[in-house]
Amino acid sequence: MAKSPRCLYSCKFSEFINTDPKSVLGELNSNYHGQILTTTNEAWISEIEIMQETLLPWINETGNIVFEYDIPRLGKRIDVVLLFRGIVFCLEFKVGQKEFLQADIEQVLDYALDLKNFHLQSHNRTIVPILVATEAQQATNVFQSSVYDDSIYNPLVTGKKGLKQLISDIIDHYHAIEDDKSFSDSWIISPYTPTPTIIEAARTLYERHSVEDITRHEADKVSTDRTIAYILDVIKKSKDAGEKSICFVTGVPGAGKTLVGLDVAVKQTYKDDDKRAEDEGAVYLSGNGPLVAVLTEALAIDDNKKCKEKGEKKNISDSRREVSKFIQIIHRYRDNMLAKIKNPVENGILEIDPSKAMKHAKAGYGEVEHVAIFDEAQRSWTHKRLADYLKRGGTYGNKLKVPNFPLSEAAFLIWALDQREDWATIVCLVGGGQEINTGEAGISEWIKALNEKFTHWKVYISNKLTEPEYAEGKVNELLKDNKNVQFSDELHLGVSLRSFRAEKLSAFVHSLLSFNPNASNIYSEIRDKYPIVLTRDMEKAREWIRRNARGSQRTGVLVSKTAARFKPLAVDILAQGDENAVHWFLEDKTDIRASNYLEDAATEIQVQGLELDYTCLLWDADLRYEKGEWKYYTFNGKTAWREERGESENSKERQKYMLNAYRVLLTRARIGMVICVPQGNGNLTVGGFPEDSTRLPDFYNGTYEYLKGLGLQEI
């Protein structure tokens, strides 16, 4: 029997057929890490017996059978893989089932798509997905490759009695002949290079995998594990020396900054198998409410499902509570510390009120975690925004009014960790050019606080933080007098994991938005692997997405939050509220609240940090290409667009946020996207006036022609 870390059992046909089924079951059990249920053993023994009977005609062939082949991206295993005649057969068994369910068919198709896209030895092979509902009486009698010309057969179905004939018919249909004898062995040990969605990755991380277990390993370009190791070493040094430290991690869009943060939180919190660390824990914090809500719910559902499979009694609310211990919304963390301060603030200095907080031996008046990971740290609030928020008593359930609050959010968060009397580490995950809300301070506010108020903190910083997209290129100037700074290239993530088909997507988007003349050349390099198509018809856009998406691939419509004239195109904006984002991202195709229905469009606020497989970006008249530059418009909610063209700092800031919104929206798709720039309404009334003056074609034509000029294919 050939052994592989990716499967529980594999061997040649002849050896498998001649082995006692109980012996094969014993191998499956011994190689499985986890609790095996009685139902699992019963299913395995059925599959073994069915396959021993099915493969008899090919006992002397050089094929291999593989049981429980691991699909890291999906967090699942293929029940059985057959490797012979140059074909990869993926078999999903539903033991005891009489009917073929759509969800089961999509599941086996997902396996085939995953192998084709991410498994090196499957790229150039024919893949045949088969659903085996063991008690079903009917079987597929039409064989055809999918319309996508990718050598994947449309999913086939059969009962156990028809499986042998189905495999024989496929071989005849494909005209498959004896293949290279080394194919089977090389396939089993082939590199598997997946790029998971953030939701899939978070689920896998929560099961104590490393980031590199679930991301691709092409050459040495992916450095997530090196970055994580560097951060964990800083944490250890801080603990050993009893000092305070802060790390700034940069990365291109989709490079895995959130994954790094989650992995550090999990590794630091659960150091000893599944036991939570008593006094060294970490918390992952984000101001991105939809991201936190979606990840928390996804992990809670997964945790609850696994507990029930083990026969453990656990309510979904308990699972949510467990996950929330290390993934939290930043406002709640902040409010916990606010509840401890003297109020009102005197002389512009924050102080702990001993009557409101208990002092702990090591933690002092700080929170219980030694390590706080702040995702999207560039989005922390300015002093003015936070002070105004606290002056009126907040809007996130915090009714505490704090007049004359003296600090920016960055400074306050450092202050909060500084209350610990032993040691602490902050990890700031920084995206370049991604501030999308008024009042977001960028990274300069963190550096200002370290320079002026927390000079005893050690600073570990990415060497890319000095580039123009961070703090307007002034980081070196801001840090020149700080003696505690150490630069490291280990703190930069330079390769996008989001789009496995196009590493240069982020470079193309940056060039598109900045009018870089190289934009067309960059796109010509990625267009064959990562399609970006263009249309003026929303129905054509939906049709393109539905035609291209397969299995359980996630699709959705996106718009900017300043978009206004989307209703004529039969598009609604996804309602505010984190629970709506949860449904949009997590529900399946049976639920109309799911993104796949292409009815509710999410904004940059709701999709920041998350991603879909295919997207439709509806480009409204808020951002227009006019005479070689972007023009920015906001709608008055009634009759007209107003140009945002002031020279004031506030106006320029709003323009920056509007451009960054499109930067976010253009980088959410993993496989491909369609951009819909509407035609507008050029009709005139009987009196010769525009039928709809808020959607004149001139509002859209310039943008469409600019994008078309970059080489985007029209549909």
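None of these values were measured; they are calculated from a predicted model.
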Is any side-chain heavy atom of Leu696 closer than 4.5 Å to one of Asn681? no
Please determine whether side chain to side chain contact (heavy atoms under 4.5 Å, CB included) holds for the pair Leu491 and Thr250, giving the CA-CA distance in whole Å, both sets of side-chain angles, and the decisive distance to 0.1 Å. CA-CA 6 Å; Leu491 292 175; Thr250 57; over 6 Å; no
Point-to-point distance, once rounded to the nearest 0.5 Å, from CG of Leu623 to CD of Gln655: 10.0 Å
Any Lys/Arg nitrogen of Arg226 or Glu490 sitting under 4.0 Å from an Asp/Glu carboxylate oxygen of the other? yes
Is it true that a side-chain atom of Asp263 and a backbone atom of Leu259 form a donor plus acceptor pair closer than 3.5 Å? no
So, do Phe585 and Val607 sit near enough that their side-chain heavy atoms are less than 4.5 Å apart? yes
Measure the shortest side-chain to side-chain distance between Val249 and Val430 over non-hydrogen atoms and say whether it is less than 4.5 angstrom. no
Quick check on the 6.0 Å ring-centre criterion: do Trp446 and Phe374 meet it? yes
Enter the distance from Asp572:CG to Lys567:NZ here, rounded to the nearest 0.5 Å. 7.0 Å
Ring pair (Phe, Tyr, Trp, His ring centres under 6.0 Å) partners of Phe635, counting only residues at least two apart: Trp641
Between atom CD of Glu643 and atom OG of Ser651, what is the distance when rounded to the nearest 0.5 Å? 9.0 Å
Applied to residues 282-302, the ring-ring contact (aromatic ring centres under 6.0 Å, His included) test, sequence neighbours excluded, yields none
Whether Glu644 and Arg654 form a salt bridge (side-chain N of Lys/Arg under 4.0 Å from carboxylate O of Asp/Glu) is what I want to check. yes
With side chain to side chain donor-acceptor pair (under 3.5 Å) as the test, would you mind laying out the steps for Thr694 and Arg565 before giving the verdict? CA-CA 8 Å; Thr694 68; Arg565 301 301 290 125; 2.7 Å; yes
Can you tell whether the side chains of Glu106 and Lys589 come within less than 4.0 Å, N to carboxylate O? yes
Using every non-hydrogen atom in the two residues, find where Ser511 and Ile522 come nearest and quote the distance to one decimal. OG-CD1, 3.4 Å
Identify the residue among Arg536, Met538, Glu539 that makes a side-chain contact (heavy atoms from CB on, under 4.5 Å) with Cys676. Met538
Leu574 backbone acceptor or donor facing Gln606 side chain under 3.5 Å: yes
Go through the side-chain N and O atoms of Thr258 and Asp375 and say whether any donor and acceptor fall under 3.5 Å apart. yes
Side chain to side chain contact (heavy atoms under 4.5 Å, CB included) assessment of Thr555 paired with Leu612: CA-CA 6 Å; Thr555 65; Leu612 304 163; over 6 Å; no
Testing the 3.5 Å rule here: is there a donor-acceptor pair between the side chains of Arg624 and Thr703? no
So does Trp544 get a backbone contact from the side chain of Asn548, meaning a donor-acceptor N/O pair under 3.5 Å? yes
Taking Leu659's backbone N and O only, do any of them form a donor-acceptor pair with Arg663's side chain (distance below 3.5 Å, no angle check)? no
Please tell me if the side chains of Asn636 and Arg642 come closer than 4.5 Å, counting only heavy atoms from C-beta onward. no
Is the shortest heavy-atom distance from the side chain of Asp600 to the side chain of Ile573 under 4.5 Å? no
For Asp591, give me all partners under salt bridge (charged side-chain N to carboxylate O under 4.0 Å, His left out), at least two apart in sequence or on another chain. Arg593
Does a side-chain heavy-atom distance below 4.5 Å link Ile715 with Leu534? no
Whether the side chain of Glu604 engages the backbone of Ala661 through a donor-acceptor N/O pair (distance < 3.5 Å, no angle test) should be reported. no
Ring centroids only, cut at 6.0 angstrom: are Tyr530 and Phe508 within range, meaning strictly under it? no
Six-ring centre of Tyr389, Arg334 cation under 6.0 angstrom, axis tolerance 45°: yes
Please determine whether side chain to side chain contact (heavy atoms under 4.5 Å, CB included) holds for the pair Thr634 and Asp622, giving the CA-CA distance in whole Å, both sets of side-chain angles, and the decisive distance to 0.1 Å. CA-CA 6 Å; Thr634 54; Asp622 53 332; over 6 Å; no
Locate the shortest heavy-atom distance separating Gly711 from Tyr523; write the atom from each residue and the value. O-CE2, 3.6 Å
Indicate the atoms forming the closest heavy-atom contact of Ala581 with Val294, along with that distance. O-CG2, 3.7 Å
What is the distance from atom CG of Leu513 to atom CG of Leu666, rounded to the nearest 0.5 Å? 6.0 Å
Can you measure from CD (Gln608) to OG (Ser286) and round to the nearest 0.5 angstrom? 8.5 Å
Between Leu569 and Pro678 the two heavy atoms that sit nearest each other are CD1-CG, 3.6 Å
So, does Thr603 use its side chain to make a donor-acceptor pair with the main chain of Val559 at under 3.5 Å? no
Determine, for Arg554 against Asp613, whether the closest basic-nitrogen to carboxylate-oxygen distance falls under 4.0 angstrom. no
Return yes if a side-chain donor-acceptor contact under 3.5 Å exists between Asp537 and Thr535, otherwise no. no
Write down the atom of Tyr700, the atom of Ala621, and the distance for their closest heavy-atom approach. CE2-N, 3.7 Å
Report yes if some heavy atom in the side chain of Val283 is under 4.5 Å from a heavy atom in the side chain of Ile373; otherwise report no. no
With a 3.5 Å cut-off and no angle check, do the side chains of Tyr633 and Asp620 form a donor-acceptor pair? no
When you look at Tyr614 and Gln553, which way does the side chain to side chain contact (heavy atoms under 4.5 Å, CB included) test go after all the steps? CA-CA 8 Å; Tyr614 288 96; Gln553 288 175 337; 3.6 Å; yes
Contact check, side chains of Leu113 and Arg550, non-hydrogen atoms, under 4.5 Å: yes
Verify whether one side chain among Glu714 and Tyr704 offers a donor that lies under 3.5 Å from an acceptor in the other. yes
Do the side chain of Ser380 and the main chain of Ala377 share a donor and acceptor less than 3.5 angstrom apart? yes
Measuring from atom CD of Gln107 to atom CD1 of Ile78, what distance do you get when rounded to the nearest 0.5 angstrom? 10.0 Å
Tell me if the centroids of the rings in Trp630 and Tyr706 come within less than 6.0 Å of each other. yes
Quick one: closest heavy-atom pair of Ser520 and Gly709, and the distance? OG-O, 3.7 Å
